[in-house]
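Structure first, then comments.
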Amino acid sequence: MVERYLTICQPAIIGEQIAAMISIDSSYNPKKYEKKWWDFWEQNNFFDTAASNKAPYTILMPPPNVTSHLHMGHGTTYTFQDLLIRWKRMQGYTACWLPGTDHAGIATQMMVEKDLEKTEGKTRKDIGREAFFARCQKWRDVHGGKIYQQFQDIGFSADWKRSAYTMDEDLSAAVRYVFVTLFKEGLIYRGERLVNWDTVLKTAVSDDELYSEEMNGHLWHLRYPVEGSDEQIVIATTRPETMLGDTAVAVHPDDDRYKHLVGRNIRLPICDRLIPIIADDYVKSDFGSGAVKITPAHDPNDFEIGKRHKLPFVEIFDDAAAITEVAPEAFRGLDRFVARKKVIKTFKELGLFEKEEHYKHSVPHSDRSKSIVEPKLSKQWYVRMKPLAEPAAAAARNGELNFFPKSWSKTYLYWLDNIQDWCISRQLWWGHQIPIWYCDSCDHLQTGVEDPTQCDQCGSDKLTQDPDVLDTWFSSWLWPLSPFGWPDEKKQQEKDLNYFYPSNVLITAPEIIFLWVARMVMAGLKFKGEVPFKDIYFTAVVTDKQGKKFSKTLGNGIDPLEIIDKHGADATRFTGVSMAPLGGRVMMDKSDFDHGARFVNKLWNASRFLFNYLDSDTKLKPISEVDLDLPSQWLLTGLSDTAKRVNESFSNYHLNDAVDRIYHFIWGQFCDWGLECAKQSLQSSDEQKRSEVLSVLVYALDGALRLAHPIMPFVTEELWQKLPHHPDWDRPKSIVVAGFPDESKLASYAKSSSQWQAVLQMITSVRSVRQQVGISPKIELDCLIKASDELVAVVDGNQEYIKKLANIKSISISSSQSRPEHSLAAIGKGFECYLPVAGLVDFTKERGRIEGEIKRITKIVDGISNKLKNKNFVERAPENVVLQTKEQLENMSGQLQSLKENLAAIG
RNA sequence: GGGCGCAUAGCUCAGCUGGUUAGAGCACUGCCCUUACAAGGCAGGGGUCCUAAGUUCGAAUCUUAGUGCGCCCACCA
């Protein structure tokens, strides 16, 4: 190993070239270059954007939480965005990737409260609202910057100077404006209903902030005595503690078992209250006992029934879900789960306990505190969603909005078509305080863009602002607008709102389709009259190899920072994108990133090889002045084809496909054949030839670096900067702003390319034959070739390549070459290569090999000829397909014929 | 209970509007330290494309059903 290392390090250079040669390390060391180029880009303001006569291309960056750190979700989702932005920027667009952060109301408040508890042992109430708010702000200042730094480490080329933050003055003004506007239009109202109450955070949360979890619970059957009778009604419940708030028992009106009891009363055990037995269609006779206890204040269904039957609402829980004063003394102050046990125990003691069954059911939890939410009767602010949802749904139906993958539009539409009003008030301190003021004297309620100083109605100056804050999403849904200065006329002009709006594509995770995506569409349509983005791309969910989502608690996440540290940002980006197809799911583990690292290293070394032959004085010719040989034409055609596919794949968001193409062009074409073929020209003494081949290679490498740049910005910049300027390419200060390869401007040579392909096949099949019969690649062989007339000329002019790459001593070619005795045969489309190997091989091996080939080809030939014998196929299939099939048959049966003849010749 | 998606090589996946000798990366086998790269080169092995039926001249690709697995939505106590 050490020995090897020493030989590598010996510079392969001759005499006076030393001084001018381009020096480069023998392997790519990301740490050495990433910081350097990031600073260079930043100093040159390449990512800054402003309205111009160029076309805009805009992507809104989904605001990461201020509290979060970079994770693999960002690694893929955001890399996609950077890819598109860099691609468009190179194509000459004003590519604006708008970054920003979110104040993440509940999440931040939780963190700060925890911190406060830990460091000072205090609660938020201990220090008061103002001090607590300031603490949240400080927390954000400290932690908010971290994620930006991490985004920059991975090379995200957002317009960082435009960074917005939902609590900024301008963005807060937008929130205020929107609230006031909607309020005045009657789209915001205050209502008292059951909300999802987070008993830990002591705030309401919206339906969309819940998740449900299957839990192994119980179904308890309890007996309720009918007043003035010996009869008892058995009711089944999963939540016995709520019986303390029961105000009725309901049965189905047609249920014969209970018909005679409707209208009578139950004497509610423990509480000793009388509650009516009512009939309601909602009750399913076949579930449980067919009788349901009704707790209108603590169950959404019961709430509806309670309203229908005008039942009393008895609230038995306080903010922390402990039992209130309304319950019998023995229960007061108990936690809901403690109370549950006590209720059951009491029923047992009273002899009213029927039975208990195991029961699996899903229980709603709060996303943030992970606690079980409690339905709670409470006064909250709501947005009337229907008028906003309808246009948003229409936009998807009429094609103004396009989903990738398409199927997401169904999910989107289902939600909009069944929209519920949005509860926007939160009993928190961190966030935008609701701009509603109550008059202390007359109870009048008013709002305003400016803080009011007196009551509109009675003139009193004693006003109290609503203590609650707005849901974080109430500021996030303005993301397409507020960071661009909206609604202030002057500011939005300064920030080019109309130039950048609407954005081109939104790329995000599917889990926030309702919380964020749909609501942005609504806000965009409502306030700007146009969708905020045309395309919506949902990325794949990143999971571990077991298919589990990455999560902190499971500890199965891959830390991108660790990967970047080990392999570099480019490798991380490459793997992240190449593994993530459109939609679906992508399973990753750390070893997957080796792939990217290997590719980066390959590109590095290919360039390094070329640099050996280049110096600052190297004269490169325009391609039009080069007498192109076949390998060069083939390579240039490959570049053009690749550019075409890459541009197409970027356009329709098949990013992994684009990455795959680039990978294969660089590795499979440029390195494996392009450089290998070029080696002898580069080492030849023919100055002319050398410079021409070099011109082509530099040109192609420059193109390849451009293609790869959006994926691997750092390494491509480093190499590109070192690469001498080829006159056919533009040469700006950085590859960041260099032109992206455009196939319509790239030369392509279809015919030469396919001719060369045939030569490559020749080389490959000769190698294959040697390998199969066990002749070392080190043994030089002679080669006699029989080939089509077209190929004869091609091979004749390019013998050197075959000799070198297949280790052939001499070549003799003609269209009538016959097979010499004691030779091996490599047979392919349009050619037969004979390798005389007298004494080198056991011919039974060769025989076996050819027999195997015959078997394989016979199968194919049979398949094709059967197809052609089928009259229906010939008549109904399109002409070109039939023609193609005929050609195929001709070709394959030719090969088969040759194989058979060769087998016979072995004797 | 409704909706959506997935099932192709040992593993992770491509295969977009039906016509290929079904591909890639990793893993595996053999041969090569050929001075850009051993994180490499060359050559290979490995697949009844989940099952069944259907449409079609032709299905991995379209239809239907089934099986298995994910995700989302939903108030059955």
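Labels below follow one simple rule: chain letters A, B, ... track the order of the sequence lines, proteins then strands, and each chain is numbered from 1. As the structure is a prediction and not an experimental result, all values here were calculated from the model.
A centroid separation of less than 6.0 Å is found between the aromatic rings of A:Tyr412 and A:Phe403. In this structure, A:Tyr211 has its ring center closer than 6.0 angstrom to the ring center of A:His365. Ring to ring, A:Phe574 and A:His595 are close: their centroids are under 6.0 angstrom apart.
Going from the C1' atom of B:rC50 to that of B:rC6 covers 11 Å, rounded to whole Å. Straight-line distance between the P atoms of B:rC73 and B:rG40: roughly 44 Å, to the nearest whole Å. Remark: the separation of the C1' atoms in B:rG25 and B:rC31 is 22 Å, to the nearest Å. Rounded to a whole angstrom, the distance from the C1' atom of B:rC4 to that of B:rG19 is 31 Å. For the P atom pair drawn from B:rG23 and B:rC16, the interatomic distance equals 14 Å after rounding to whole Å. B:rU61 and B:rA7 have their P atoms separated by 11 Å, with the value rounded to a whole Å. Separating the C1' atom of B:rG2 from that of B:rA9 is a span of 37 Å, rounded to the nearest Å. Remark: the separation of the C1' atoms in B:rG70 and B:rU55 is 30 Å, to the nearest Å.
Comparing A:Phe609 and A:Trp673 along RNA chain B, the residue whose closest nucleotide (by nearest heavy atom) sits nearer the 5' end is A:Phe609. Along RNA chain B, the nucleotide nearest to A:Ser27 and the one nearest to A:Leu675 differ in position, and the one closer to the 5' end is contacted by A:Leu675.
Residues from residues 887-895 of chain A with heavy atoms under 4.0 angstrom of RNA chain B, sorted by number: A:Gln888, A:Met892.
To the nearest angstrom, P of B:rA74 lies 15 Å from OH of A:Tyr211. For the pair A:Glu875 CD and B:rU56 C1', the interatomic distance rounds to 15 Å; values are reported in whole Å. The distance between atom CD of A:Glu304 and atom C1' of B:rC75, rounded to the nearest whole Å, is 10 Å. For A:Leu210 and B:rC72, the CG to C1' distance is 14 Å, given to the nearest whole Å.
Evaluation of the side-chain contact (heavy atoms from CB on, under 4.5 Å) rule for A:Ile512 yields A:Trp473, A:Thr508, A:Leu515, A:Trp516 as partners, not counting sequence neighbours.
Comparing B:rC75, B:rA36, B:rC42 by their closest approach to the side chain of A:Glu676 singles out B:rA36. You'll find that the side chain of A:Tyr663 is closest to B:rG25, out of B:rG41, B:rC4, B:rG25. With B:rA36, B:rC72, B:rG40 as the candidates, the nucleotide lying closest to the side chain of A:Thr411 is B:rC72. When the nucleotides B:rA77, B:rG19, B:rC75 are ranked by their closest atom to the side chain of A:Ala877, B:rG19 comes out on top. You'll find that the side chain of A:Arg856 is closest to B:rU21, out of B:rU21, B:rA43, B:rG25. You'll find that the side chain of A:Pro878 is closest to B:rG19, out of B:rA36, B:rG3, B:rG19. Comparing B:rC4, B:rA74, B:rA77 by their nearest atom to the side chain of A:Lys410 picks out B:rC4. The listed nucleotides are B:rA43, B:rA36, B:rC32; the one nearest the side chain of A:Lys778 is B:rC32. Comparing B:rA77, B:rC31, B:rC16 by their nearest atom to the side chain of A:Gln771 picks out B:rC31.
A:Asn601 comes within contact range of at least one nucleobase, with a heavy-atom separation under 4.0 Å. Contact annotation for A:Pro777: backbone-only contact, meaning every heavy-atom pair under 4.0 Å involves sugar-phosphate atoms and none involves a base. Within 4.0 Å of A:Tyr359, counting heavy atoms only, lie sugar-phosphate atoms of the nucleic acid but no base atom. Among the atoms of the strands shown, base atoms are found under 4.0 Å from some heavy atom of A:Val283. The residue A:Trp667 sits close only to the backbone: its heavy atoms come under 4.0 Å of sugar-phosphate atoms, none of a base. Looking at heavy-atom distances under 4.0 Å, A:Asp299 makes no contact with the nucleic acid at all. Across all strands shown, A:Arg661 has no heavy atoms under 4.0 Å from either base or sugar-phosphate atoms. Using a 4.0 Å heavy-atom distance criterion, A:Phe514 is classed as a sugar-phosphate-only contact. Residue contacts for A:Lys293: at a heavy-atom cut-off of 4.0 Å it reaches no nucleic acid atom on any strand shown. Counting any heavy atom pair closer than 4.0 Å across all strands shown, A:Thr764 reaches sugar-phosphate atoms only and no base atom. Within 4.0 Å (heavy atoms only), A:Tyr414 reaches sugar-phosphate atoms of the nucleic acid but no base atom. Heavy atoms of A:Lys406 sit nowhere under 4.0 angstrom from any nucleic acid atom.
A donor atom on one side chain and an acceptor atom on the other are found under 3.5 Å apart for A:Glu356 and A:Trp220. For A:Glu209 and A:Ser206, the side-chain atoms include at least one donor-acceptor pair closer than 3.5 Å.
In this model, the phosphate group of B:rG41 is not approached by any side-chain N or O of A:Arg767 to a distance below 4.0 Å at OP1 or OP2. Residue A:Lys284 has no polar side-chain atom (N or O) positioned under 4.0 Å from OP1 or OP2 of B:rC76. A sub-4.0 Å separation between OP1 or OP2 of B:rG3 and a side-chain N or O of A:Ser407 is absent. In this structure, A:Arg598 reaches the B:rG40 phosphate: one of its side-chain N or O atoms is under 4.0 Å from OP1 or OP2. The phosphate of B:rU20 has OP1 or OP2 within less than 4.0 Å of a side-chain N or O from A:Lys867.
Helical stems in RNA chain B, defined as runs of 3 or more consecutive Watson-Crick or G-U wobble pairs with both donor-acceptor distances under 3.5 Å, are listed by first residue as B:1-7 with B:67-73, B:10-13 with B:23-26, B:28-32 with B:40-44, B:50-54 with B:62-66.
More than 12 non-hydrogen atoms from other residues, nucleotides or ligands lie less than 6.0 angstrom from NZ of A:Lys803. A:Lys410 NZ: 12 or fewer foreign heavy atoms inside a 6.0 Å radius. Heavy atoms of other residues, nucleotides or ligands lying less than 6.0 angstrom from CD of A:Glu890 number 12 at most. In A:Gln683, the CD atom is crowded: over 12 heavy atoms of neighbouring residues, nucleotides or ligands sit closer than 6.0 Å.
Put simply, the side chain of A:Leu896 reaches to within 4.5 Å of the side chain of A:Thr858, judged on heavy atoms. Counting heavy atoms from C-beta on, the side chains of A:Phe514 and A:Asp207 never come closer than 4.5 Å.
Residues A:Glu241 and A:Arg340 are paired through a salt bridge, judged by an N-O separation under 4.0 Å between the basic side chain and the carboxylate.
In the interface, the side chain of A:Lys602 is paired with the base of B:rC37 through a donor and an acceptor atom under 3.5 Å apart.
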